[in-house]
Amino acid sequence: MARTALITGASSGFGAEYARQLAARGTDLVLVSPEESALAALAEGLRVAHAVRVEVLAADLLHAGQLDTVIQRLTDAARPVDMLVNSAGFGLTQGFELNDVHDEVRHLHLHVEVPLRLMHEAVRPMLQRGSGRIVTVASVAAFVPWGTYGACKAWLVSFSRWANGRYSGRGVTFTAVCPGFTHTDFHVRMGLPRGEEGVPGWMWLDAHRVVAESLRDVARGRGLSVPSWRYKALLALTRVLPVRLLAVLGRQGA
Amino acid sequence: MTRTALITGASSGIGAEFARQLAARGMDLVLVARDKAALSTLAIALGDQHGVEVEVLSADLVVPRQRERIIRRLTDPEHPIDMLVNNAGFGLPLQFERNDIEDEVRHLELHVEVPMRLTHAALGPMLQRGSGRIVNVASVSGFIPRGTYGACKAWMVSFSRWANGKYSRRGVTVTAVCPGFTRTNFHERMGLEPGREGVPPWMWLDVRDVVAEALRDVARGSGVSIPSFRYKALVALTRLVPAGTASRVGERGR
């Protein structure tokens, strides 16, 4: 697969899992996150375990100057990046009307504007080389109305599908990965301890399997990856269920 | 019932048509756009013809200070706004990789961040009064992937569905209006002459029909409005055909 992958949000959750699985396949890594010490620890572990090169780029992607540093690395012609994994994100509570609008704007910027900028920068050198993989962590929330989070993920799914259709013929694939509820520290960071997220046990996925399945879909050049048969079936249902019912489902859980 | 509507992008196209039809129903208007001369002409005509009060607010919604003025008007407790129509928008060429990234970011701001901010501002007073209508002009490209434009419209559709489910019980409805190709000056502004947009004639809609049907759906409290039987059928089809086929359809026309 790819020789060098740049992963945002790499210090934890899906980002860290992509780092582990790609390193195990011999891919060199550029890890991006504001959490420098977590990145450094992960990087050291992966270097030792898999003998790959791992760069650490501590950056807050919402900070213009720091985002520029990441873009410079992404477009460095001397050290090409073959795979971009957009994984950085965070959750807000669903009380849109009660949330501070500045938090909502930060949420929109991190989930949409940042990947938009990174994909725009990555796609040109990839098209010139005639190869590249762009992987964006979206969510099944893109298909079930789910606050501004679901709306941002719908942006990512819509764009990835279209871009994959447009650019895969020229060697650059775009894949939107749509996991369901997955055990990572995402919900804990939202202040919801494990077991208290209001989600039934069968709906939980394992991060390792989600990433493994998504990487198979990336290798196949799919525009959309929905890991696990459970969520594939659920998604098929959303295509036939009335929209009103989906809106009700979207209010369940955290 | 509803008394005053604030419409963005009101100087032309679907926005101006909302202004005409709402004035004809006796609503007072606040018209927002950059083009002050066009707004004034429309305002005088509507005031004369329908005896309604029409305010003109010329503002560029991606300029924070100008947007703040609109938000102050939107939340003025002395002159409440009963209906917000988020309509301002523009198109970019589909060659994403060649578009200037700052144009893409402005496009995202105007199509997503601005309506999100205005909706957030309008919701508070509307929920307090227990009534209000928010109308988001999206597009069928919210369902059929089509560049960053389609992705922004997918954001709007997803958000509107969710918000309508969440807030309609408290008296505030949110409707995403999803027109297909509609005869306005939108395509001309993109530099495409009428008849040269690469779209078959049967796919064109009349702007009056689009807005009239949208207003019926708004009155019913629908979360999504897809004007015309043709496009309802097309969107229903996209739920059944594979995503790859839908993406190829999204490549048609401009």
Side-chain angles (χ1 to χ4, degrees), chain A residues 71 94-101 104-105 107-109 112-113 116-117 119-121 123-124 126-127 141-168 170 172 222-224 238-240 243-251, chain B residues 71 94-101 104-105 107-109 112-113 116-117 119-121 123-124 126-127 141-168 170 172 222-224 238-240 243-251:
Chain A
I71 286 174
Q94 278 201 63
F96 172 70
E97 80 282 17
L98 304 173
N99 291 341
D100 188 324
V101 74
E104 288 285 354
V105 169
H107 179 268
L108 173 66
H109 285 180
V112 180
E113 186 183 323
L116 167 71
R117 286 182 181 274
M119 290 188 283
H120 190 268
E121 295 296 339
V123 73
R124 288 181 77 153
M126 286 179 176
L127 286 171
F143 301 93
V144 185
W146 197 283
T148 48
Y149 182 80
C152 289
K153 297 309 192 182
W155 191 103
L156 294 169
V157 166
S158 172
F159 179 76
S160 299
R161 275 179 165 174
W162 171 82
N164 196 53
R166 188 168 184 98
Y167 299 113
S168 60
R170 294 163 67 187
V172 182
R222 298 257 163 92
L224 183 67
T238 66
R239 293 180 150 228
V240 292
V243 166
R244 268 165 212 282
L245 184 57
L246 293 178
V248 173
L249 290 175
R251 289 202 300 271
Chain B
I71 286 179
L94 277 174
Q95 291 97 336
F96 168 71
E97 81 280 16
R98 288 187 214 154
N99 291 341
D100 187 298
I101 183 62
E104 286 285 355
V105 170
H107 179 269
L108 173 66
E109 266 184 52
V112 178
E113 187 180 323
M116 182 179 86
R117 284 179 181 272
T119 300
H120 191 271
L123 259 177
M126 284 181 177
L127 288 170
S141 40
F143 301 95
I144 303 165
R146 188 180 166 82
T148 48
Y149 182 80
C152 289
K153 297 312 192 181
W155 187 99
M156 251 186 172
V157 169
S158 172
F159 175 75
S160 301
R161 272 179 172 168
W162 169 82
N164 195 53
K166 185 169 176 96
Y167 301 116
S168 60
R170 294 164 67 187
V172 180
S222 307
V224 175
T238 65
R239 297 183 112 196
L240 304 175
T245 311
S247 301
R248 279 192 289 281
V249 172
E251 281 281 304

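Everything numeric in this text was worked out from a predicted model, so none of it was measured. Residue numbers start from 1 in every chain, and the chains themselves are labelled A, B, ... in the order their sequence lines are given, proteins ahead of strands.
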Chemist: Taking the six-membered ring for Trp and the full ring for Phe, Tyr or His, determine whether the centres of A:F96 and B:Y167 are under 6.0 Å apart.
Modeler: no
Chemist: Is a salt bridge present between A:R117 and A:E113, judged by a nitrogen-to-oxygen distance below 4.0 Å?
Modeler: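 Between A:E113 and A:R117 there is a salt bridge, with a charged N closer than 4.0 Å to a carboxylate O.
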Chemist: Side chain from CB out, backbone as N, CA, C, O: work out which of these in A:R124 comes under 4.5 Å of a heavy atom of chain B, or both, or neither.
Modeler: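 Contact with chain B is through the side chain of A:R124 alone.
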Chemist: Any heavy-atom pair between the side chains of A:T148 and B:W155 that's under 4.5 Å?
Modeler: yes
Chemist: Please determine, among B:T148, B:V112, B:L127, the option with the most heavy-atom pairs under 4.5 Å with chain A.
Modeler: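 Answer, by heavy-atom pair count under 4.5 Å with chain A: B:T148.
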Chemist: Name the region of A:L116, side chain, backbone, both or neither, that has any atom closer than 4.5 Å to a heavy atom of chain B.
Modeler: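 For A:L116, backbone and side chain are both near chain B.
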Chemist: Atom CG of A:L156 and atom NZ of A:K153: how far apart are they, to the nearest 0.5 Å?
Modeler: 5.5 Å
Chemist: Would you call the rings of B:F96 and A:F159 parallel, tilted or perpendicular, where under 30° means parallel and over 60° means perpendicular?
Modeler: perpendicular
Chemist: With a 4.5 Å cut-off on heavy-atom pairs, point out which of B:A163, B:C152, B:G150 contacts chain A the most.
Modeler: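 Result: the option with the highest number of such pairs is B:C152.
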Chemist: Can you tell which part of A:V101 gets under 4.5 Å to a heavy atom of chain B, answering side chain, backbone, both or neither?
Modeler: both
Chemist: Less than 4.5 Å to any heavy atom of chain A: does that hold for the side chain of B:L123, its backbone, both, or neither?
Modeler: side chain
